[in-house]
Amino acid sequence: VQLQASGGGLVQPGGSLRLSCAASGSIFEIYTIGWYRQAPGKHRELVASVTSGGNTDYADSVKGRFTISRDNAKNTVSLQMNSLKPEDTAVYSCNAGIRYGTRYFDRRDYWGQGTLVTVSS
């Protein structure tokens, strides 16, 4: 099982970016998916998450600006980031709980590689 993240880059303050994360491999079920970020010198924080049922949760700092969505048919999750601020600059990573086998305990967390988002003029 692999998670492949994409979509980072350089954007001016107030701009938008869309991050994507695609899961591939032996996937029987994907549970909660989250986007995390880590800025230089700071701890990693959860930015947004979406459950298998579509319930979403956001960090206070991004509420109203970021939207997480998932496509269960394609095993993908996206993070639409609008009104970006310099303090959103960080490496963003996706994480998913995935069942990779037929047994109940054939499950674990997987991480995608980080993608750098830089918000600067």
Side-chain angles (χ1 to χ4, degrees):
V1 176
Q2 288 186 329
L3 295 180
Q4 181 71 39
S6 61
L10 173 64
V11 63
Q12 292 186 340
S16 299
L17 276 178
R18 186 177 182 85
L19 305 183
S20 295
C21 180
S24 62
S26 176
I27 298 171
F28 283 72
E29 189 171 1
I30 301 177
Y31 304 109
T32 298
I33 306 174
W35 280 100
Y36 292 75
R37 68 185 181 187
Q38 186 166 19
K42 294 188 177 182
H43 295 295
R44 183 168 60 195
E45 64 170 341
L46 177 62
V47 175
S49 64
V50 56
T51 68
S52 56
N55 294 318
T56 58
D57 194 20
Y58 298 90
D60 288 342
S61 59
V62 307
K63 282 181 181 177
R65 300 189 297 123
F66 290 12
T67 302
I68 189 171
S69 60
R70 65 189 284 170
D71 185 332
N72 291 327
K74 296 181 179 180
N75 290 337
T76 59
V77 63
S78 297
L79 184 68
Q80 178 66 41
M81 305 185 294
N82 299 326
S83 302
L84 283 162
K85 304 175 181 180
E87 50 263 43
D88 294 318
T89 296
V91 174
Y92 286 71
S93 303
C94 55
N95 170 275
I98 295 176
R99 184 164 64 87
Y100 54 84
T102 59
R103 299 177 301 174
Y104 175 82
F105 292 106
D106 289 339
R107 59 182 67 190
R108 51 161 284 194
D109 274 357
Y110 290 86
W111 286 91
Q113 88 288 4
T115 184
L116 178 62
V117 172
T118 303
V119 184
S120 175
S121 55

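For the single chain, residues carry numbers from 1 onward in sequence order.
- The two residues G34 and L46 have their closest heavy-atom pair at CA-CD1, 4.3 Å.
- Counting only residues at least two apart or in different chains, salt bridge (charged side-chain N to carboxylate O under 4.0 Å, His left out) contacts with residues 102-121 comprise R103-D106.
- For residues 85-121, every residue pair satisfying the disulfide (SG to SG under 2.5 Å) rule, not counting sequence neighbours, is listed here: C21-C94.
- Looking at heavy atoms from C-beta onward, S61 lies out of side-chain contact with E87 at the 4.5 angstrom threshold.
- Annotation: side-chain contact (heavy atoms from CB on, under 4.5 Å) contacts of T56 (sequence neighbours excluded): V50, Y58, I68.
- The side-chain contact (heavy atoms from CB on, under 4.5 Å) search around S24 returns Q2, not counting sequence neighbours.
- Evaluation of the ring pair (Phe, Tyr, Trp, His ring centres under 6.0 Å) test over residues 6-39, restricted to residues two or more places apart or in two chains, returns Y36-W111.
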N95 and I33: side-chain contact (heavy atoms from CB on, under 4.5 Å), yes or no, with the steps? CA-CA 6 Å; N95 170 275; I33 306 174; over 6 Å; no
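- Residue pairs meeting the disulfide (SG to SG under 2.5 Å) criterion with at least one member in residues 31-60, sequence neighbours excluded, do not occur.
- Every residue was checked against the side chain to side chain donor-acceptor pair (under 3.5 Å) condition with R44, not counting sequence neighbours, and none meets it.
- To the nearest 0.5 Å, atom CG of residue N55 and atom CG of residue D57 are 9.5 Å apart.
- Using a 4.5 Å heavy-atom threshold, the side chains of I30 and R99 count as separate.
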When the side chains of residues 77-86 are checked against the rest of the protein, which donor-acceptor pairs come out under 3.5 Å, sequence neighbours left out?
from: Q80; atom 1: OE1; to: R18; atom 2: NH1; distance (Å): 3.1
from: Q80; atom 1: NE2; to: N82; atom 2: OD1; distance (Å): 2.9
from: N82; atom 1: OD1; to: S16; atom 2: OG; distance (Å): 2.9

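- In this structure, the side chain to side chain donor-acceptor pair (under 3.5 Å) partners of D88, at least two apart in sequence or on a different chain, are R37, R65.
- Annotation: side chain to side chain donor-acceptor pair (under 3.5 Å) contacts of D60 (sequence neighbours excluded): K63.
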Which donor-acceptor pairs under 3.5 Å do the side chains of residues 113-121 make with protein atoms, sequence neighbours left out?
from: Q113; atom 1: OE1; to: A5; atom 2: N; distance (Å): 3.2
from: Q113; atom 1: NE2; to: A5; atom 2: O; distance (Å): 2.7
from: T115; atom 1: OG1; to: G8; atom 2: N; distance (Å): 3.1

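- Ring geometry, Y100 versus Y110: the interplanar angle exceeds 60°, so the pair is classed perpendicular (tilted spans 30 to 60°).
- Remark: D71 pairs with A73, K74, T76 by the side-chain contact (heavy atoms from CB on, under 4.5 Å) rule, at least two apart or across chains.
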